[in-house]
Amino acid sequence: ALDESVAQIKEYIARFTAESQSWDQLLLRHRETAEYMSRQLEECRRSQGQAEPLSYLQTSQAQVFSTKPDYQKILADQGEVLSCMELVLDELQQAVKLLQAFSEDSRQYLRHLS
Amino acid sequence: ELIVETATKRKQWPKKILMHAIQTMKAEQEMLKLYQPFVTPEEIRS
Amino acid sequence: SVNPMAYEAQFFGFTPQTCMLRIYIAFQDYLFEMMLVVENVILKKLDGFPGSKISPCQIRKSTEKFLLFMKGHIDKLFSKMEEVLLQLVLSIPKNVILPEDKVHELYPYSKEQLQALQDEISQLQQQYRAEASAGQALQAELEEQKVVRAELEKILQWFDGLENICREHGTSNFKESFAFLTQNSKKLQDVLKDVEEKSN
């Protein structure tokens, strides 16, 4: 019976020692985490919260992002419009110059004839 | 001594842990509020 | 079997067994003190009987015998008292939860449930950050739209300018004006042909 009691006591000693150490480790872990987070918060305040953006493809706005138009292409397409207008106005200018030349020639001919 | 030490930790350590846990959570919340991701607009060439 | 009585130690700040031990030691110390006091009283009284055949050595032996006798009785009585105190006074009933542990009765979370909660919190924090990033991305897109809008408005202004110039010079419709000009030129061409024929 004495040996049994001694064995039990030894077991209790081991168990309580382990538990006590576990408590200390748990407290230490929480304290370190709190200190780390406080430092992170200070860093964050210093940088005014500036941070790299996270991927937003799985958010509530995913559909909006998936239908984002190509703005550069929209402007590039307008370039065609302007090129076309340039051509048209050039042709118009040439045609009018031609008609003006014809008009001037006709006037000179009629003056000469007159 | 070991029994008393362990029993005292069972009683008091949770309060201290709670304090640190609250501090951690408050810091996390504060950081979330301060979170300012910066997305650069694409350059649109004229 | 050994009962560590850890829950009682949590409440009292000492183990009940330690408490009983301290009380027992106090009893014992008091008994020794009293024995010494009694022995001194007897020795003093003995001094008053110079013809007495009782020696201080005998008194000491009797004191030790008496001490053993008293100790034996105290030990018997104390063990009964210890049993009663440990069972009825210095113990916490099985159905009682101490105030600092009440929270586990009200909110009995398992390790898995705690982990699930922590995972959920992490996920929500990630989601929040992603949504905030999405918000900023939308703001950036608004800026891009402003640039594109400005460029498109410049083009519209250019067309408006062209229209204004044409109107100022009396030409609101290029097609009509050009057709009119061509028609007139054709007429002029016909007239010139006519004149040339007549001239010839």
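Heavy-atom basis, side chains included; hydrogens, waters and symmetry copies ignored. In what follows, chains carry the letters A, B, and so on, assigned in the order in which the sequence lines appear, proteins first and then strands, with residues in each chain numbered from 1.
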**Q.** Structural part of B:E42 lying under 4.5 Å from a heavy atom of chain A
**A.** side chain
Q: Any chance you could lay out the side chain to side chain contact (heavy atoms under 4.5 Å, CB included) test for A:L27 and B:H20, step after step, and finish with the verdict?
A: CA-CA 8 Å; A:L27 177 63; B:H20 292 311; 3.9 Å; yes
(Q) For B:L34 versus A:C44, what's the shortest heavy-atom pair and its separation? (A) CB-SG, 4.0 Å
Q.
Is any side-chain heavy atom of A:M37 closer than 4.5 Å to one of B:Q23?
A. no
Q) Can you list the steps and then say if B:E30 with A:R45 is a side chain to side chain contact (heavy atoms under 4.5 Å, CB included)? A) CA-CA 9 Å; B:E30 195 59 41; A:R45 283 194 179 127; 3.5 Å; yes
Q | For B:Q36 against A:Q48, the heavy-atom pair lying closest together | A | CG-O, 3.8 Å
(Q) Testing the basics here: between B:T24 and A:A34, what is the closest heavy-atom pair and its distance to 0.1 Å? (A) OG1-CA, 3.3 Å
**Q.** Flag if over 12 foreign heavy atoms under 6.0 Å of CZ, A:F102
**A.** yes
Q | Atom pair OH/CD1 of A:Y12 and B:I3 - distance to nearest 0.5 Å | A | 8.5 Å
Q) Any idea which heavy atoms bring A:S20 and B:T6 closest together, and the distance? A) CB-OG1, 3.9 Å
Q) Nearest 0.5 Å, what's the CD1-OH distance between B:I44 and A:Y71? A) 8.0 Å
Q: Indicate the atoms forming the closest heavy-atom contact of B:W13 with A:W23, along with that distance.
A: CD1-O, 3.3 Å
Q: Determine the option with the most heavy-atom pairs under 4.5 angstrom with chain A, choosing from B:E5, B:K33, B:R10.
A: B:R10
Q. Take atom CD in A:E104; do more than 12 heavy atoms of anything else shown fall under 6.0 Å from it?
A. yes
Q: Identify which part of A:T17 has an atom lying under 4.5 Å from any heavy atom of chain B, answering side chain, backbone, both or neither.
A: both
Q: Please indicate whether A:Q58 has more than 12 foreign heavy atoms, meaning atoms of other residues, nucleotides or ligands, lying under 6.0 Å from its CD.
A: no
Q | Side chains of A:H30 and B:K16 in contact at under 4.5 Å (non-hydrogen atoms) | A | no
Q: Kindly give the heavy-atom pair with the smallest separation between B:A27 and A:S38, and that separation in Å.
A: CB-N, 4.5 Å
Q. Would the number of heavy atoms belonging to other residues, nucleotides or ligands and lying under 6.0 Å from NZ of A:K68 be above 12?
A. yes
**Q.** Within residues 73-85 of chain A, residues adjacent to chain B where the heavy-atom gap is under 4.5 Å
**A.** A:L75
